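Letters A, B, ... are given to chains in the order of the sequence lines, protein chains preceding strands, and every chain is numbered from 1. Quick caveat, the model's predicted, so the values are computed rather than measured.
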Number of protein chains: 2
Amino acid sequence: MSTPAPPDTAGVPLARLAALFADNTRAAFLLALLDGRAWTLGELARQAGVAPSTASEHVDQLVAGGLLAQERQGRHRYLRLAGAHTAQLVEDLAAYGGPAAPRAGTLRASAATAALARGRTCYDHLAGRLGVGLTDAMIGRGLLRLDTGFALTDDGMRWFAENLDAADELRGGARRPVARPCLDWTERRHHLAGAGGAVLCDRLLERRWIERIGTGRAVRATPDGVRALRELLGVDVSGEPG
Amino acid sequence: MSTPAPPDTAGVPLARLAALFADNTRAAFLLALLDGRAWTLGELARQAGVAPSTASEHVDQLVAGGLLAQERQGRHRYLRLAGAHTAQLVEDLAAYGGPAAPRAGTLRASAATAALARGRTCYDHLAGRLGVGLTDAMIGRGLLRLDTGFALTDDGMRWFAENLDAADELRGGARRPVARPCLDWTERRHHLAGAGGAVLCDRLLERRWIERIGTGRAVRATPDGVRALRELLGVDVSGEPG
DNA sequence: GCCACAGTTCGGCCCGGCCCGAACAGTCCC
DNA sequence: GGGACTGTTCGGGCCGGGCCGAACTGTGGC
């Protein structure tokens with residue numbers, strides 16, 4: 001019994017992982033899934049503009065590579081990112097891509113981009129000007145520090161416990177960092193990610209202080225939210241004046 | 001004058017960036033350059049086992065893509081990573097690759113791997129059991145926290161200033177985070193990176209408390225270093241007992 | 001000036017990956 | 001059961017990219 005070759009892999013692991021990202025179609029899938037929700041295979045295929053058969057093969061690769069988790073329901077195949085770990089990697093790579101040039105895109109594309117730039121979810125936390133604005137406000141109030149790293153202060157821990165009823169989510173984990181910086185690809189600024197960023201986004205949606213626009217990643221503050229966040233953090237999140 | 005097409009790029013930026021990593025030869029280059037030093041093109045070619053002509057083309061791509069910086073001296077072409085930013089991305093991708101399987105490699109390969117596992121530089125800071133051990137000791141002494149994020153404490157800032165004469169390096173920058181977690185691919189544990197990690201590595205080498213083994217990334221503590229670090233952090237960095 | 005050496009450019013080979021359409025399997029609804 | 005729909009598998013075409021060797025440029029040493 002001579003095993004002809006280890007059936008699994010060949011080559012540098014780094015290269016095999018990167019190859020999963022190094023295709024326009026798969027990259028489009030991963031960016032779409034950054035909204036943190038589960039998409040069907042057909043939705044992904046339409047989004048990327050490829051045939052379902054092509055999408056099926058790409059999704060197989062991403063699942064086999066551990067980047068996506070899947071769930072089959074009836075005749076649908078739901079796909080989502082494998083976890084926060086994966087989302088972070090996608091976001092890191094996308095952010096490194098850089099200012100990405102002013103994007104000589106179409107007009108309607110730039111309208112959609114503008115909504116995303118105002119506010120959006122980034123997997124499980126908030127990004128865009130909304131996310132950066134909240135982060136800045138928390139720093140200004142001494143709830144978050146970054147001069148010695150990116151961490152909540154003791155005041156910050158209290159703030160989450162008292163105002164968002166989030167003591168449990170932040171206490172438990174040695175697993176996931178409470179505060180982690182995530183680099184924003186529109187603002188080129190850091191904003192709050194990690195368990196703290198996730199619970200913040202979760203509570204704001206739950207209390208309807210922010211809401212999703214349409215079916216995408218874009219979000220905006222509700223009138224209630226504008227009022228509440230002005231009280232809690234002294235920040236104006238009402239969006240563009242114009 | 002109809003510009004036929006923007007001469008630069010096509011496709012998703014994420015995919016174009018990832019494609020630079022998605023080749024065994026280029027990945028080998030990047031991993032080799034993680035030692036933070038400048039290599040000549042010939043050295044890189046030998047390391048990866050390809051012809052100089054092939055290496056030349058790969059390096060062109062990496063430089064054009066902004067991942068490498070180059071410097072020409074006489075008939076040599078020196079290459080290094082473009083910056084800490086780039087090193088972090090390489091490290092993130094390599095770490096995600098995962099436990100990477102126990103590596104059914106050759107015996108001498110595993111001997112070299114063992115030296116790297118004990119201690120090594122990771123671009124500009126320390127990794128391996130040495131890096132993780134120092135990080136753990138700093139946490140134990142209350143110099144570093146991770147329950148609220150990954151950040152130096154006020155005591156930690158003082159410790160760096162008093163014992164490593166590093167006040168300047170840590171004060172200046174809003175640019176680079178003082179403390180940042182870097183995930184270790186041998187230990188699967190976080191260790192100290194960022195400006196703090198860099199200055200720690202720099203001072204320890206400067207004082208000859210640690211020294212490089214051969215010409216690679218591996219490092220070990222000197223007798224002086226073992227003594228000094230036991231005093232300063234109460235940690236034993238003498239390496240394997242065997 | 002001559003030789004050794006580092007790196008580059010070019011032509012050509014070849015393999016792998018991406019894509020589609022067609023045929024098929026499984027699910028849901030009427 | 002019939003029809004609409006979602007997703008999968010397979011075959012085949014095509015293109016791009018990685019690799020090498022050979023020829024060439026430029027630097028440094030004798």
Check the phosphate of [N] against [X], side-chain N and O only, distance under 4.0 Å to OP1 or OP2. Yes or no?
X: B/Arg77; N: C/dT8; result: yes
X: A/Ser56; N: D/dT8; result: yes
X: A/Gln61; N: C/dC18; result: yes
X: B/His58; N: D/dC19; result: yes

What is the separation between atom [atom1] on [X] and atom [atom2] on [N], rounded to the nearest whole Å?
X: B/Leu44; N: C/dA6; atom1: CG; atom2: C1'; value: 13 Å
X: A/Asp60; N: D/dC10; atom1: CG; atom2: P; value: 12 Å
X: A/Phe29; N: C/dC18; atom1: CZ; atom2: C1'; value: 12 Å
X: B/Leu79; N: C/dG7; atom1: CG; atom2: C1'; value: 11 Å
X: A/Asp23; N: D/dC15; atom1: CG; atom2: P; value: 17 Å
X: B/Leu68; N: C/dG7; atom1: CG; atom2: C1'; value: 16 Å

- Query: Backbone N or O of B/Pro52 within a donor-acceptor pair of the B/Ser56 side chain at under 3.5 Å?
  - Reply: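 Not a single qualifying donor-acceptor pair exists.
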- Task: Report yes or no: does B/Arg203 contribute a side-chain atom to a donor-acceptor pair with the main-chain N or O of B/Asp165 at less than 3.5 Å?
- Result: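 Looks like yes, one N/O pair under 3.5 Å.
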- Once you round to the nearest 0.5 Å, how far does CG of A/Asp92 lie from OH of B/Tyr96?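 Separation between the atoms: 12.0 Å.
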Just compare [options] and give me whichever is closest to any side-chain atom of [X].
X: B/Arg72; options: D/dT8, D/dC19, C/dT8; value: C/dT8
X: B/His76; options: C/dT9, D/dT8, C/dA6; value: C/dA6
X: A/Glu57; options: D/dG11, D/dC5, D/dC19; value: D/dG11
X: B/Leu41; options: D/dG18, D/dT8, C/dT8; value: C/dT8

- Item | Flag side-chain contact, heavy atom, 4.5 Å: B/Leu34 against B/Glu91 |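 The answer is yes, as the side chains (C-beta and beyond) meet within the 4.5 Å cut-off.
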- Test item: A/Leu33 and A/Val90 side chains (from C-beta on) under 4.5 Å apart, heavy atoms: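 No - every pair of side-chain heavy atoms lies 4.5 Å or more apart.
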- Message: Tell me if the side-chain of B/Arg75 makes a donor-acceptor pair with the base of D/dT27, cut-off 3.5 Å, by modelled atom types.
- Response: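 Answer is yes: a donor-acceptor pair is held.
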- Query: Does any donor-acceptor pair link the side chain of B/Ser53 with the base of C/dG7 at a separation under 3.5 Å?
  - Reply: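 Such a pair does not exist between side chain and base.
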- Task: Tell me which of A/Ala51 and B/Pro52 sits closer to the 5' end of DNA chain C, going by the nucleotide each one is nearest to.
- Result: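 So the residue in question is B/Pro52.
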- Item | Residue met sooner reading DNA chain C from 5', once A/Gly74 and A/Val50 are mapped to nucleotides |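 Result of the comparison: A/Val50.
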- Could you pick out which residue, B/Gly49 or A/Glu43, lies toward the 5' side of DNA chain D when each is mapped onto its nearest nucleotide?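 Result of the comparison: A/Glu43.
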- Message: Under 4.0 Å, heavy atoms only, any strand: does B/Gln70 hit a base, just the sugar-phosphate, or nothing?
- Response: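 Here B/Gln70 touches no strand at all.
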